[in-house]
S.K.: 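Before I ask anything, let me first share the structure, which is written out below as structure tokens.
Heads up: numbering here begins at 1 and tracks the sequence. Worth knowing before you read on, the calculation uses all heavy atoms, side chains too, and leaves out hydrogens, waters and symmetry mates. Every number for a ligand or one of its atoms is a count from 1 in the order of the listing.
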Amino acid sequence: MNILVLGSGGREHALAWKLRQSKLCSRLLVAPGNAGTSQYGENVSLSITDFEAIRSLCVTEFIEMVIVGPEEPLVKGIYDFFKNHDDLKLITVIGPSAGAAQLEGSKAFSKKFMQRHNIPTAAYAEFDETTYESGKKYISNHSLPVVLKADGLAAGKGVIICETHHEALDAFEQMIIKKQFGEASSKVVIEEFLQGIELSVFVLTDGQQYKVIGHAKDYKRIGEGDTGLNTGGMGCVSPVPFAHEAFMQKVEERIIKPTVQGLSDEKLEYHGFIFIGLMNKDGEPHVIEYNCRLGDPETEVIMPRLKNDLLELLVAVKINQLNNLEIEFDERSVATIVAVSGGYPGEYKKGIEMKGLPDMQPEDKDVLVFHAGTKNIDDLVVTNGGRVLAVTAFGHDIKSAVEKSRKALEDIDFEGIYYRKDIGFEF
Ligand code: AMP
Ligand code: GLY
């Protein structure tokens, strides 16, 4: 099969690494990709929301499947675009329709969906400009901390956890009146704070059948000990000790089954990955958010742990045969540590030369260096983003996996390099 992967992060490098191992994969294109993806496929420079450019690439290169990495093209309707054009409709798009992608694209939509299907989540209310005054009252009477969420996509910055009513009222005004996130904050969800430990669970579905393809714990804060500003993710571990069989059984019965059934009942087409961000609150799982894609850096631990041929799974999604496959996991623990540019998540420099990077990596290696924000300039690899690399390693337990990843990072250097040395600290 000829495959096109859309995106340019560590997630897409891990996908390219995994897809390249499939006997079903003939050609692999990654758009726009990074210096790492070019080791496994051909990078094509285009914008992932330029659907016409993607269309002509698919037609001229005889693409048979498009795997969409980030949420933006999905929320903007790439699935429907392919379905509605005669020259594209035989191409499989891995991702949800725009309707179903609202699970990520609109917090208000996803909260209502969970309510309709009795899926455990934090209590909430939604407000907009017309209900601003009652929103202020709702906040003033709310227990603390209180969580404010911009309804739409806000590049991971739309969630504010407020410790005081004053702070919450201020954030509410910024969002609704001052339009801090533009259209994305014209509606705001106000919800109860859930105390617990977070877990990311990944499901592959055709909208009827599903398989759990892995889970991971993500470390979002920039500083060690989970301190400082939020980032896209500074590291991940999998499997997570508290996600044992009994807990995952609850996740499946109370969350995954009603979610997939809900999609089916509401005729929301979905052929792709569901990323369920949940909170383990006293042993009970509650949904914090849905994402309509794989996570980054979660993919950099999920793909190495997954023993199945990924393309075989995706073909099973296309032909509604997921139930005929068994998911198999590597028994070892996997950790990834993300190396970022100095200054991230604030301002940082790009174009810095990188040293010590390994070449293309065989599938049986126990350390894998996935590129995120990198690009080739002539023979050099230079930094090209905040999150630069995700270094993944296997170990007999989480500690040894993290240790191996840290050791591998010692051989890599670029000016300003920073990474957390305490990923997996609580295990
Ligand atoms: P999101 O943008 O929805 O991923 O939210 C960002 C982060 O905010 C989550 O990963 C959680 O750490 C935190 N968060 C969101 N909602 C809640 C909640 N109701 N209770 C506690 N933490 C939350
Ligand atoms: N690591 C969190 C995300 O991909 O949204």
Side-chain angles (χ1 to χ4, degrees), residues 7-12 14-15 68-72 74-75 103-111 114 119-126 142-163 168 171 175 181 184-185 188-202 214-222 226-238 273-282 284-303 336-338 340 345 370 372 386-387 390 420 423:
S8 61
R11 167 181 50 209
E12 287 74 24
L15 284 172
V68 186
E71 62 280 10
E72 205 187 345
L74 293 166
V75 172
L103 282 183
E104 176 163 4
S106 164
K107 305 271 189 209
F109 177 91
S110 77
K111 294 299 283 192
M114 286 185 262
I119 296 167
T121 187
Y124 85 106
E126 64 175 85
H142 203 289
S143 58
L144 293 170
V146 56
V147 184
L148 269 66
K149 300 184 171 184
D151 176 55
L153 294 182
K157 299 194 169 67
V159 174
I160 306 180
I161 297 170
C162 303
E163 301 291 339
M175 286 191 186
F181 301 107
S185 65
V188 172
V189 162
I190 298 174
E191 73 177 28
E192 166 202 11
F193 178 80
L194 297 171
Q195 187 73 49
I197 317 179
E198 281 180 65
L199 184 74
S200 308
V201 176
F202 295 90
H215 71 260
K217 180 168 190 311
D218 180 20
Y219 293 79
K220 288 205 171 81
R221 303 293 195 94
I222 187 76
D226 285 338
T227 54
L229 293 175
N230 249 334
T231 71
M234 296 296 292
C236 264
V237 299
S238 180
F273 302 101
I274 312 178
F275 165 170
I276 303 169
L278 58 84
M279 189 70 87
N280 173 1
K281 187 182 173 217
D282 304 322
E284 306 300 322
H286 294 70
V287 177
I288 290 189
E289 60 166 353
Y290 289 108
N291 294 309
C292 59
R293 53 172 172 85
L294 286 170
D296 194 350
E298 285 93 336
T299 307
E300 292 93 301
V301 294
I302 298 297
M303 286 303 138
T336 199
I337 301 179
V338 176
V340 303
F370 294 121
R387 292 190 291 169
R420 276 180 62 170
I423 298 303

S.K.: Using a cut-off of under 3.5 Å, which N/O atoms of ligand 1 pair up with protein N/O atoms, and what distance separates each pair?
M.R.:
{"unit_1": "ligand 1", "atom_1": "3 (O)", "unit_2": "K107", "atom_2": "NZ", "d": "3.0"}
{"unit_1": "ligand 1", "atom_1": "3 (O)", "unit_2": "E289", "atom_2": "OE1", "d": "2.9"}
{"unit_1": "ligand 1", "atom_1": "4 (O)", "unit_2": "E289", "atom_2": "OE1", "d": "2.8"}
{"unit_1": "ligand 1", "atom_1": "4 (O)", "unit_2": "E289", "atom_2": "OE2", "d": "2.6"}
{"unit_1": "ligand 1", "atom_1": "10 (O)", "unit_2": "E198", "atom_2": "OE1", "d": "2.8"}
{"unit_1": "ligand 1", "atom_1": "10 (O)", "unit_2": "K220", "atom_2": "NZ", "d": "2.9"}
{"unit_1": "ligand 1", "atom_1": "12 (O)", "unit_2": "E198", "atom_2": "OE1", "d": "3.4"}
{"unit_1": "ligand 1", "atom_1": "12 (O)", "unit_2": "E198", "atom_2": "OE2", "d": "2.4"}
{"unit_1": "ligand 1", "atom_1": "16 (N)", "unit_2": "K149", "atom_2": "NZ", "d": "3.0"}
{"unit_1": "ligand 1", "atom_1": "19 (N)", "unit_2": "E191", "atom_2": "OE2", "d": "2.7"}
{"unit_1": "ligand 1", "atom_1": "19 (N)", "unit_2": "E192", "atom_2": "O", "d": "2.9"}
{"unit_1": "ligand 1", "atom_1": "20 (N)", "unit_2": "L194", "atom_2": "N", "d": "2.8"}

S.K.: Can you tell me how far apart CG (N291) and OG (S200) are? Round to the nearest 0.5 Å.
M.R.: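 If we round to the nearest 0.5 Å, N291:CG and S200:OG are 8.5 Å apart.
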S.K.: Taking atom OG of S110 and atom CD of E104, what is their separation to the nearest 0.5 Å?
M.R.: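 Spacing of OG (S110) from CD (E104) equals 9.5 Å.
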S.K.: Considering only heavy atoms from C-beta outward, does the side chain of C292 approach that of L103 to under 4.5 Å?
M.R.: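 No; the side chains remain at least 4.5 Å from each other.
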S.K.: Taking atom CE of M175 and atom CG of L148, what is their separation to the nearest 0.5 Å?
M.R.: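 Between M175 CE and L148 CG, I get 5.0 Å after rounding to 0.5 Å.
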S.K.: Identify whether the distance between the nearest side-chain nitrogen and carboxylate oxygen of K111 and E126 falls below 4.0 Å.
M.R.: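 Salt bridge flag = no for E126 with K111.
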S.K.: Can you tell me how far apart CG (L194) and OG1 (T121) are? Round to the nearest 0.5 Å.
M.R.: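 Going from the CG atom of L194 to the OG1 atom of T121 covers 7.0 Å.
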S.K.: Would you give the length of the straight line joining atom CD of E300 to atom CD of E12, rounded to the nearest 0.5 angstrom?
M.R.: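 Going from the CD atom of E300 to the CD atom of E12 covers 8.5 Å.
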S.K.: Under a 4.5 Å cut-off applied to non-hydrogen side-chain atoms, are R221 and T231 in contact?
M.R.: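 No, their side chains stay 4.5 Å or more apart.
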S.K.: Using heavy atoms and a cut-off under 4.0 Å, could you grab the residues that are in contact with ligand 2, chain by chain, numbers ascending?
M.R.: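 The answer is D218, G232, F275, R293, G295, D296, P297, E298, counting any residue whose heavy atom sits under 4.0 Å from ligand 2.
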S.K.: Look at K149 together with E289 and state whether they make a salt bridge at an N to O cut-off of under 4.0 Å.
M.R.: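 No, no charged N to carboxylate O under 4.0 Å.
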